[in-house]
Amino acid sequence: MLATIDCLDGDTRLTARGGWALLAAMSPDSQQDFALAFLSILFEGAPFILLGTLASGFIDVYLPAGTMDRFLPKNRTRAVMVAGLLGAVFPVCECAVVPVIRRLVKKGLPVSCALTYMLAAPIVNPITALSTWKAFQGQNAGMMTCSRLLLGFLIAVAVGLIVSRLPLAAVLKAKLIQSLDQPEKPHAHSEHEHGECCGHDHSHEPDGDGRLVAAFRSAMKDFVDVAVYFSIGVTITALFNTGIAPGAAWLDSLAGNEAAAPAALMALAFILSLCSTSDAFIAATLDKFSWGAKLAFLTFGPMMDVKLIFLYQTVLKKRFIVLLGLGLFFAIGGISVFWQHLIYQAK
């Protein structure tokens, strides 16, 4: 574990060491609670990470560069709007979307469309819609489901349109930008893979089993890269989860405050880091909170939470992540309150 921590960058290494020190100082009972919380979140998210990295590996090998770009409208605004709806066709959890996005950007997908899809896909997809409708049976399920899908789409498109006017250097990590500037090389067998040089040109693209092996190798590399950050995010989430119960009374006291209630539930969604396919079952039990506050919880959580912070660091600059989080917090909170007022006035 310590060897893994030492491989991380400076700020992430300090965060990981701090969490490790805090865990070592816990009582045995607290450590047991932490282990249960950690494993439950890890086992819930890890399969989606694996699916996402497998998808990214196959995209890396089988999808020609620029293919996604050719499917999008030439108009920038229309392209971003279409990207916001791709989750209905390619539904993924927020845990799985980040490695896929990194690979699609390298394949030529515009960054604005990639971020729009990244934010919208965990919400604007049939699995999330079905789970939300099921969880809110007897609580205006249709209204909550439609509002969640529409708000998630609008927020994601707004972010995409803003990003389309920003330089890549302000959004993406320098290493990713450098990889975009380099021409993509075909996946080939090296001399070392064959054990010796046989005198033939191995620069050709492998077919059949060779391409399949290359896809799995690419997926394995992505999985290791993303899983390290995901594990740190899960650790922090589990630490918060094991100590959040004493603040339950304080949280309930904010339910009646029109401005504080959405902010409190968005903060809770950030800490709990729930999957978008299951978070509606938690939101539906928050009986003291208003409909608008629950909508903020269901929209903000899949776009920004503790584990996503670490996953986003594999693609986005830290400064952009902070600005994105603040922008989503205020935009979703404000729109949720306004939306609730609008609906109640219409009734």
Side-chain angles (χ1 to χ4, degrees), residues 52 55-56 58-60 62-94 96-129 145-174 176-184 276 299-300 302-304 308 312 315-317 319-321 323-328 330-332 334-335 338-339 342:
S56 74
F58 278 84
I59 288 171
D60 182 28
Y62 288 96
L63 186 69
T67 300
M68 290 293 294
D69 196 17
R70 290 196 291 268
F71 281 104
L72 294 173
K74 298 300 181 183
N75 181 275
R76 180 169 55 184
T77 301
R78 292 179 181 175
V80 170
M81 294 180 69
V82 170
L85 296 173
L86 287 178
V89 183
F90 305 106
V92 292
C93 173
E94 65 272 18
V97 74
V98 177
V100 174
I101 285 303
R102 181 171 57 179
R103 191 66 64 189
L104 288 176
V105 168
K106 289 183 178 181
K107 288 290 183 178
L109 183 68
V111 175
S112 58
C113 296
L115 289 181
T116 302
Y117 173 70
M118 182 181 73
L119 295 175
I123 298 175
V124 187
N125 74 66
I127 300 173
T128 299
T145 303
C146 293
S147 297
R148 184 186 192 186
L149 297 179
L150 183 57
L151 181 55
F153 172 77
L154 292 177
I155 291 292
V157 168
V159 171
L161 292 175
I162 293 172
V163 169
S164 67
R165 290 164 173 78
L166 297 177
L168 288 181
V171 179
L172 299 180
K173 297 192 75 170
L176 184 55
I177 295 177
Q178 291 173 2
S179 70
L180 296 179
D181 295 333
Q182 297 173 354
E184 188 173 85
S276 62
T299 307
F300 183 78
M303 295 185 176
M304 186 66 62
L308 284 175
Y312 287 163
V315 179
L316 306 174
K317 281 197 166 183
R319 183 173 182 272
F320 178 79
I321 295 173
L323 293 176
L324 176 64
L326 291 174
L328 291 174
F330 288 109
I332 293 173
I335 294 175
F338 171 77
W339 208 305
L342 196 64

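Note that these values count all heavy atoms, side chains included, but never hydrogens, waters or copies made by symmetry.
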Problem - From Leu86 atom CG to Thr116 atom OG1, the distance as rounded to the nearest 0.5 Å - result: 9.5 Å
Handout entry: Minimal non-hydrogen separation, Pro302 against Leu308, with atom names
Key = O-CD1, 3.4 Å
Practice task
Rounded to the nearest 0.5 Å, what's the gap from CG on Leu154 to CG on Leu149? Could you check?
Solution key: 11.0 Å
Exercise for the section: Quick one: which residue pairs count as a side-chain hydrogen bond (donor to acceptor under 3.5 Å, both in side chains) with a foot in residues 148-160, not counting sequence neighbours? Expected result: Thr132-Arg148, Arg148-Asp279
Handout entry: Nearest non-hydrogen partners of Val80 and Ser112, listed with the distance
Key = CG2-OG, 3.9 Å
Handout entry: Donor-acceptor contact present, side-chain Ser276 to main-chain Pro122, <3.5 Å
Key = yes
Handout entry: Heavy-atom check, side chain of Met303 versus side chain of Leu324, under 4.5 Å
Key = no
Practice task
Compare all side-chain heavy atoms of Ile155 with those of Ile335 and state whether any distance is below 4.5 angstrom.
Solution key: yes
Practice task
To the nearest 0.5 Å, tell me how far Leu115 CG sits from Tyr312 OH.
Solution key: 8.5 Å
Exercise for the section: Could you tell me which residues satisfy side chain to side chain donor-acceptor pair (under 3.5 Å) with Thr128, sequence neighbours excluded, listed by chain and number? Expected result: Asn125
Handout entry: Sub-4.5 Å side-chain heavy-atom contact between Leu316 and Met118
Key = yes
Exercise for the section: Quick one: pull up CE in Met81 and CG in Asn75 and give me the separation to the nearest 0.5 Å. Expected result: 10.0 Å
Problem - Between OG1 on residue Thr299 and CG on residue Leu328, distance to nearest 0.5 Å - result: 10.0 Å
Side-chain polar contacts of residues 158-171 - donor-acceptor pairs under 3.5 angstrom, sequence neighbours left out - could you list them?
{"residue": "Ser164", "atom": "OG", "partner": "Leu161", "partner atom": "O", "Å": "2.5"}
{"residue": "Arg165", "atom": "NH1", "partner": "Leu161", "partner atom": "O", "Å": "3.0"}

Problem - Reported CE-to-CD1 distance for the pair Met304 and Ile332, which is rounded to 0.5 angstrom - result: 9.0 Å
